[in-house]
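These figures come from a predicted structure and were not determined experimentally.
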Amino acid sequence: MLTRLFDLAPPLLSLLPPEQAHEATLKSLELGLFPRAPADHPSLASRFAGLALPNPIGIAAGFDKDARAADAVLGLGCGFAEIGTVTPRPQAGNPQPRVFRLPEDRAVINRLGFNNGGHKAAHERLQARRGRGGVIGVNIGANKDSDDRIADYVSGLGTFYDVASYFTVNISSPNTPGLRDLQAPEALDALLTRLMAARAQLTDAGGPKRPIVVKLSPDIAEADLPAIVARLVAHAIDGIAVSNTTLSRAGLSDPAAREAGGLSGRPLFHRSTAMLARVYQATGGKIPLIGIGGIDSGAAALAKIRAGATLIQLYTGLIYQGPGLIGRLKEHLIEAVRGAKASTISDLIGLDAETWAEEALYE
């Protein structure tokens, strides 16, 4: 019954304003009103930066900003969950309306601006679920009015170190003015030097070594990408997420395309996948990648993995297709492993990286 109701969710939720639809979805998950996924096929088992996952599929940050539904996300069949982006202090984000559906393009534009309840509230929720297992990442950001944004990231690392499976450092959102400046090599050096030093202090005190992932923008100039990746390699980052939302509006047809903010969904697929492959090649495949952007079919999920992704995350595709998409992606990946006569989905990582890396980033 729940499965059938969730199949009807996308058209029903589309009748609500986007943020109300999102809140209704979170509340249903908090109440346990969702279909539980069966156990995963062994061929989907994945490893990422020392973490073992039952499958490589997750929901991208921005869905569960305040750690309200981490266990429900796992229950839906995801191999991992990522909460956030969360900032040290609560903030309301940008004025509404700030989320816009582009159904003609199967896309969404948002200019939310890291709206969240702050570190304390999210940490209490994650602390309350300790002992339940599952891989839960924490996506950390900086307050808009912070005097020291790097200190905000260090604070996030320290606050959530006891409850996070890994951290994603979000320096690529287009909706906080100046945040993307932290991707420049010199600023990236300063950020990662302080983050790695903070982690070293925590591990020296007896804590585990939590993986740190950096999330990049798809709008990085092609000429700048090698220097940025070189800094990530130099600091021995544990993973790279490619990519966040884009400011590009190339090829859109929906009237809402004029709205300001970051674009996600199908139009981002080509750009983000070509960048993913470039990063895979630049790192020699030695740093695991999370592929994000335009995943709304099994073919798109497989393409991300074959372009170099160890894990994948989706969000906008779920808005248009509902949680049944997760199961369909897994079925496609299982068939791909069988068709390749491979053992696990990990055997397919990067097989098409060379081809994708030759694709133009900006069409």
Side-chain angles (χ1 to χ4, degrees), residues 17-19 21-22 58-65 82-87 91-116 139-144 149 168-184 213-221 224-225 228 240-276 279 290-296 300 304 312-320 361-363:
E19 287 199 65
H22 179 246
I59 299 178
F63 175 74
D64 185 16
K65 290 176 176 289
E82 184 171 312
I83 71 102
T85 299
V86 62
T87 57
Q91 61 182 30
N94 294 321
Q96 296 187 32
R98 53 194 180 177
V99 183
F100 307 89
R101 301 185 187 99
L102 284 67
E104 291 183 18
D105 300 305
R106 308 298 274 184
V108 167
I109 290 173
N110 92 81
R111 50 175 181 262
L112 288 163
F114 288 173
N115 57 310
N116 73 103
N139 187 299
I140 52 177
N143 281 112
K144 182 178 180 179
R149 285 180 169 170
T168 297
V169 182
N170 188 351
I171 53 175
S172 51
S173 170
N175 298 318
T176 297
L179 188 76
R180 287 182 167 189
D181 294 344
L182 289 171
Q183 294 178 127
V213 176
V214 173
K215 189 170 186 176
L216 298 180
S217 162
D219 299 331
I220 293 171
D224 295 338
L225 187 60
I228 292 170
I240 305 171
V242 186
S243 64
N244 213 315
T245 57
T246 181
L247 292 174
S248 171
R249 298 295 186 266
L252 300 182
S253 57
D254 196 287
R258 65 181 182 276
E259 295 290 347
L263 175 78
S264 61
R266 188 175 294 173
L268 185 57
F269 174 77
H270 184 277
R271 175 188 302 240
S272 59
T273 308
M275 176 177 280
L276 174 77
V279 174
I290 303 176
I292 316 165
I295 299 174
D296 60 4
K304 290 284 187 188
I312 56 175
Q313 289 179 322
L314 58 152
Y315 185 175
T316 303
L318 293 170
I319 293 173
Y320 289 104
L361 283 180
Y362 307 106
E363 293 182 299

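Partners of Asn244 under the side chain to side chain donor-acceptor pair (under 3.5 Å) rule, at least two apart in sequence or in another chain, are Asn170, Ser172. Taking the side chain to side chain donor-acceptor pair (under 3.5 Å) definition, one finds that Thr87 meets it with Asn116, Asn143, sequence neighbours left out. Arg98 is linked by a side chain to side chain donor-acceptor pair (under 3.5 Å) to Glu19, counting only residues two or more places apart in sequence or in another chain. With sequence neighbours left out, Tyr315 forms a ring-ring contact (aromatic ring centres under 6.0 Å, His included) with Phe63. Scanning for side chain to side chain contact (heavy atoms under 4.5 Å, CB included) contacts around Thr245 gives Asn110, Pro174, Ser264, with sequence neighbours left out. Residues satisfying the salt bridge (Lys or Arg N to Asp or Glu O under 4.0 Å) criterion with Arg101, sequence neighbours excluded, are absent altogether. Applying the ring-ring contact (aromatic ring centres under 6.0 Å, His included) test to Phe100 and every residue at least two apart in sequence or in another chain returns nothing. Residues that satisfy the side chain to side chain donor-acceptor pair (under 3.5 Å) test with Ser173, not counting sequence neighbours, are absent from this structure.
With no hydrogens or angles considered, no side-chain donor-acceptor pair links Lys215 and Ser243 at under 3.5 Å. For the residue pair Ser217 / Gln183, no side-chain donor-acceptor distance below 3.5 Å is found, with atom types taken as modelled.
For Asp105 (side chain) and Ser253 (main-chain N/O), a donor-acceptor pair under 3.5 Å exists by modelled atom type.
Within the structure, the salt bridge (Lys or Arg N to Asp or Glu O under 4.0 Å) test picks out the following pairs touching residues 251-266 (sequence neighbours left out): Arg111-Glu259, Arg266-Asp296.
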